[in-house]
Amino acid sequence: MSLLEQLNDVQQDAVKNTDGPSMIIAGAGSGKTRVLTYKIAYLLEKGVDPFNIMALTFTNKAAREMKARIEQLVSSTEARNVWMGTFHSIFARILRIEAEKLGFPSNFTIYDTDDSKSIIKKILKELQLDDKIYKPKQILGRISSAKNNLISHIDYNNNPELTQVDKDSGKGQLGQIYTIYQERLRKSSAMDFDDLLFNTNVLLRDHPDVLIKYQRRFKYFLVDEYQDTNHSQYLIVKRLAAQTENLTVVGDDAQSIYAFRGANIQNILNMNKDYSDLKTFKLEQNYRSTQNIVGIANAIIRNNKKQIKKTIWTDNQMGEKIRLSSTSTDNEEGSNVARTIFEVKHNERANDSEFAILYRTNAQSRAMEESLRRMNIRYKIYGGLSFYSRKEIKDLLAYLRLVINKNDSEALLRVINYPKRGIGQTSIDKLRLEADRLNISLWSLIENLENSNILAKSTSIRIIEFVNMIKSFQLDLKTKNAYDLASAVAKGSGIYSTMYNSRDDDEGVMRFENMEELLSGIKEFSEEESGEVDAPEIRTLEEFMQDIALHTDADDKDKDDGEYVTLMTIHAAKGLEFPYVFIVGMEENLFPSMLALNSRVELEEERRLFYVALTRGEKRVFLSYSESRYKWGNLQYSEPSRFLSELEPKFIDDQTADLIMSEETSKTTAKKVNKSTTKGKTPLPKTKATPKTTKSTPENLTPINRESRGVSDNQANSIKVGMEVFHDRFGRGKVETIEGEGKNKKATVKFKNNTSKVLLLQFAKLRILKQ
DNA sequence: GTATTATCTAAGTCT
DNA sequence: TAGATAATAC
């Protein structure tokens with residue numbers, strides 16, 4: 001069969017093993033997606049009905065691309081009938097079909113994190129709890145992890161262990177908050193992200209008829225990125241696949257980076273306990289990266305204790321060694337990266353789209369952005385403040401949400417007085433209190449406001465006008481297409497003209513344009529083919545809004561598949577690959593994150609994250625760190641990441657290797673610096689604090705091309721306490737102590753500016769000045 | 001009820 | 001730094 005010819009032996013075995021449970025442990029770059037794609041194609045060629053296949057992917061974009069590829073492979077459009085998508089979107093779809101079984105309307109709203117947070121804040125206010133103790137984010141985290149482990153608010157409150165933990169941390173009322181939170185969601189006919197999975201479990205658990213229906217419908221299950229599934233997802237798959245056990249999971253424990261949101265690596269490790277006849281396939285050949293990249297990644301991951309044994313290897317070329325660079329400020333790091341991209345582009349005739357800049361936190365994008373702009377390099381930032389989380393977009397979406405689901409109180413509160421229509425906070429508070437007392441949704445209350453006199457007449461009239469406006473939109477839900485209705489809402493609500501009139505500055509223009517962009521997106525949707533054969537039906541607003549909350553900009557159709565450098569967090573880069581990868585901000589307390597330093601488990605997750613970052617690279621990988629960085633508007637000094645000292649030198653570009661130091665550094669300097677920047681109310685003037693900052697003139701940016709004047713390995717051994725030495729970056733210094741043996745031999749050197757650094761002698765090319 | 005100003009606090013990763 | 005919220009004036 002021609003399909004199989006394009007695969008290696010193990011890949012073929014994995015693909016041909018269609019029936020029964022199987023697990024594919026797929027190392028980075030080993031053709032995991034390929035195997036999944038081909039397996040589905042193979043199933044289709046064998047005559048399996050696409051309607052019987054469910055494939056769960058990590059992003060919707062991945063699903064879309066996979067579908068397109070399968071269509072090519074089997075040269076048929078049959079593939080579009082495979083149910084393929086993320087857990088959240090697939091099960092949201094099923095939940096809408098079965099909603100009434102759970103007491104939800106099928107047009108329930110999906111609340112995003114902002115909605116959830118705002119509910120929590122309101123509850124805290126009502127219970128008069130201090131939001132410094134009850135931090136909304138933490139509370140949500142706790143509720144989320146409860147849900148991911150299928151602990152309902154009732155279970156939670158009945159579980160003495162959980163409630164004791166809360167009491168001990170001074171948050172005894174957390175369980176109560178959880179309960180009220182769930183009541184609010186239900187009253188709003190809304191589910192949060194975790195509810196989508198939780199409620200799917202409830203559905204399949206409590207409604208055997210539904211379970212059987214979907215078990216009959218789906219006969220083959222494929223799950224990608226299985227290492228990042230949580231308990232809730234695990235159970236859904238287990239329940240659905242119980243009938244046929246035709247389950248293929250694909251994953252790599254070394255790339256598990258979502259434990260923080262409940263991913264449970266045990267799901268992979270315990271597969272053979274759940275399925276005694278499990279077949280395991282290990283894909284260990286890397287087709288993506290050079291030997292240098294594979295080598296360095298292997299060396300890094302080796303430092304983790306917990307992992308499935310496997311040897312990733314490659315037949316690819318050696319390639320260039322990994323380059324390190326350091327700069328004194330984060331802005332310089334940016335211009336250094338931009339300049340390197342510029343050079344590589346010309347020297348190796350690469351396109352912008354072949355480059356990716358990866359970072360640990362979204363906040364780091366800014367320094368990169370500015371430098372790229374200065375160098376006229378086109379770029380695109382993924383994540384961060386996404387399109388859908390902009391205020392103006394949320395405002396319009398809130399109207400649309402309210403029209404679709406009138407019980408959506410979060411949406412209602414957002415727009416009831418926007419644009420201003422004279423309904424102030426006091427009135428709104430009264431309404432909320434009253435709705436709560438009567439135990440009805442806000443909408444039910446204001447819909448019948450005539451009969452109540454809790455508000456002044458004039459205010460009541462304004463509210464009734466608002467209600468009537470929304471009602472008039474609702475009338476058109478089934479008859480108008482998404483775009484016609486949405487633009488009617490934008491104009492009728494006054495939001496359009498408000499935005500139009502606020503274009504007096506750049507921000508205002510942006511806002512207006514964003515709103516226009518949303519509308520034109522809806523227009524495009526309305527005009528799209530519905531996919532169904534000769535379906536003359538219109539595409540409604542309800543359809544458009546269905547999974548808008550699940551939409552991320554990584555999912556965006558690459559409309560302008562133009563040339564640009566990609567900027568994203570390492571998390572977002574999972575599953576992607578680029579010829580040239582820059583990993584920036586390799587600093588202690590940033591990567592690994594300060595918050596991960598407390599436990600081995602979290603530190604290992606950071607290391608896996610680094611592993612993921614490294615293995616995105618095909619041809620070359622560049623690492624960099626900065627000696628200082630702005631955080632909260634303050635300049636903070638930083639030390640090189642401990643991960644740099646784990647890099648194996650033979651894969652590192654010699655001329656840059658001396659930038660590696662061990663994680664330990666002078667405590668005296670660190671303290672001194674902290675004092676002057678954080679304690680003193682007057683932070684150091686910027687010019688003074690960053691003496692080395694220069695206006696991105698390439699000459700003095702990085703030491704990348706600096707001539708190497710280091711001593712040889714043997715000479716490193718001859719360095720003794722008391723010697724005066726010279727370091728390319730730090731200058732003259734005196735050796736204070738020496739510790740460690742061989743590879744780990746390091747010296748504490750006190751330099752002339754009174755900073756002492758701990759240097760790994762194998763990297764730090766010290767010249768001996770005086771014996 | 002609304003507009004303006006002052007003060008606070010946050011940035012860890014994501015569906 | 002910047003956005004979110006509280007305090008204040010109108």
K.L.:
Should the pair A:Tyr500 and A:Phe512 be assigned to parallel (<30°), tilted (30 to 60°) or perpendicular (>60°) ring geometry?
P.N.:
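It falls in the perpendicular class, over 60°.
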K.L.:
Would you indicate which nucleotide in B:dC14, C:dT5, B:dT15 comes nearest to any side-chain atom of A:Lys121?
P.N.:
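Out of B:dC14, C:dT5, B:dT15, the nucleotide with an atom closest to A:Lys121's side chain is C:dT5.
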K.L.:
Report the nucleotide, chosen from B:dG12, B:dG1, B:dC14, that has the shortest atom-to-atom distance to any side-chain atom of A:Ala572.
P.N.:
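So the side chain of A:Ala572 is nearest to B:dC14.
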K.L.:
In whole angstrom, give the distance that lies between atom NZ of A:Lys137 and atom C1' of B:dT13.
P.N.:
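Rounded to the whole Å, the gap is 10 Å.
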K.L.:
For A:Asp112, which contact category applies under a 4.0 Å heavy-atom criterion: base, sugar-phosphate, or nothing?
P.N.:
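Answer is nothing: A:Asp112 stays at 4.0 Å or more from every strand.
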K.L.:
With a 4.0 Å cutoff (strictly under), does any side-chain N or O of A:Asn417 reach OP1 or OP2 of B:dT2?
P.N.:
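Yes, within the criterion.
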K.L.:
Closest approach to the side chain of A:Thr569, judged atom by atom: which nucleotide of C:dA2, B:dA11, B:dT13 is it?
P.N.:
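Minimum distance to the A:Thr569 side chain belongs to B:dT13.
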K.L.:
Just checking A:Glu606: base, sugar-phosphate only, or nothing, at a heavy-atom cut-off of under 4.0 Å?
P.N.:
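Base, at least one base atom sits under 4.0 Å.
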K.L.:
When we call it a touch if two heavy atoms are under 4.0 Å apart, what does A:Tyr258 touch: a base, just sugar-phosphate, or nothing?
P.N.:
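Counting heavy atoms under 4.0 Å across all strands, the contact made by A:Tyr258 is with sugar-phosphate only.
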K.L.:
Check the distance between B:dC8's P and A:Trp632's CH2 and give it to me in whole angstrom.
P.N.:
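In whole Å, B:dC8 P lies 18 Å from A:Trp632 CH2.
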K.L.:
Within less than 4.0 Å of OP1 or OP2 of B:dT15, is there a side-chain N or O belonging to A:Asn230?
P.N.:
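So the side-chain polar atoms of A:Asn230 never come under 4.0 Å of the phosphate oxygens OP1 or OP2 of B:dT15.
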K.L.:
With rounding to the nearest 0.5 Å, note down the distance linking OH in A:Tyr359 to OG1 in A:Thr361.
P.N.:
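So the OH of A:Tyr359 and the OG1 of A:Thr361 are separated by 8.5 Å.
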K.L.:
Below 3.5 Å is the cut-off: list the nitrogen or oxygen pairs between protein and nucleotides 3-6 of chain B, distance only.
P.N.:
none

K.L.:
For A:Thr426, answer base if it contacts any base atom (sugar-phosphate contacts may also be present), sugar-phosphate if it contacts only those atoms, and nothing otherwise; contact means non-hydrogen atoms under 4.0 Å.
P.N.:
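Sugar-phosphate, no base atom in range.
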K.L.:
Taking donor-acceptor contacts at under 3.5 Å, does the side chain of A:Glu605 reach the base of B:dG12?
P.N.:
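Counting by modelled atom types and ignoring angles, no donor-acceptor contact under 3.5 Å is found here.
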K.L.:
Starting at CD of A:Glu602 and ending at P of B:dT13, how long is that distance when rounded to a whole Å?
P.N.:
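About 14 Å, once rounded to whole Å.
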K.L.:
Which of these nucleotides, C:dA6, C:dT1, B:dG12, is closest to any side-chain atom of A:Thr361?
P.N.:
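Nearest to the side-chain atoms of A:Thr361, counting from C-beta on, is B:dG12.
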K.L.:
Would A:Lys122 count as a cation-pi partner of A:Tyr181, with NZ or CZ less than 6.0 Å from the six-membered ring centre and within 45° of the ring normal?
P.N.:
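Ring-cation test returns no.
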K.L.:
Could you check whether A:Asn514 and A:Glu392, counting side-chain N and O atoms only, form a donor-acceptor pair closer than 3.5 Å?
P.N.:
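Per modelled atom types, A:Glu392 and A:Asn514 side chains form a pair under 3.5 Å.
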K.L.:
When you look at A:Lys306 and A:Glu604, which way does the salt bridge (Lys or Arg N to Asp or Glu O under 4.0 Å) test go after all the steps?
P.N.:
CA-CA 8 Å; A:Lys306 269 182 66 178; A:Glu604 295 210 343; over 6 Å; no
K.L.:
Identify which one of A:Asn149, A:Asp192, A:Asp194 satisfies the side-chain hydrogen bond (donor to acceptor under 3.5 Å, both in side chains) criterion when paired with A:Ser144.
P.N.:
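That would be A:Asp194; it is the only one of A:Asn149, A:Asp192, A:Asp194 passing the side-chain hydrogen bond (donor to acceptor under 3.5 Å, both in side chains) with A:Ser144.
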K.L.:
Taking the six-membered ring of A:Tyr388 as reference, does the cationic atom of A:Lys394 (NZ for Lys, CZ for Arg) lie under 6.0 Å from its centre and within 45° of its axis?
P.N.:
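Relative to the ring axis of A:Tyr388, which defines the angle, A:Lys394 lies outside at least one limit.
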K.L.:
Nearest whole Å is fine: how far is B:dC8 P from A:Asp131 CG?
P.N.:
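Rounded to whole Å, this separation is 14 Å.
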K.L.:
Output the rounded distance in Å from CG (A:Asn589) to C1' (B:dA11).
P.N.:
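One finds 14 Å between C1' of B:dA11 and CG of A:Asn589, rounded.
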K.L.:
Of all the nucleotides listed (B:dG1, B:dT13, B:dT15), which has the minimum atom distance to the side chain of A:Phe260?
P.N.:
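Among B:dG1, B:dT13, B:dT15, the one nearest the side chain of A:Phe260 is B:dT13.
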K.L.:
Using whole Å, report how far CG of A:Asn634 lies from P of B:dA11.
P.N.:
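For the pair A:Asn634 CG and B:dA11 P, the rounded distance is 16 Å.
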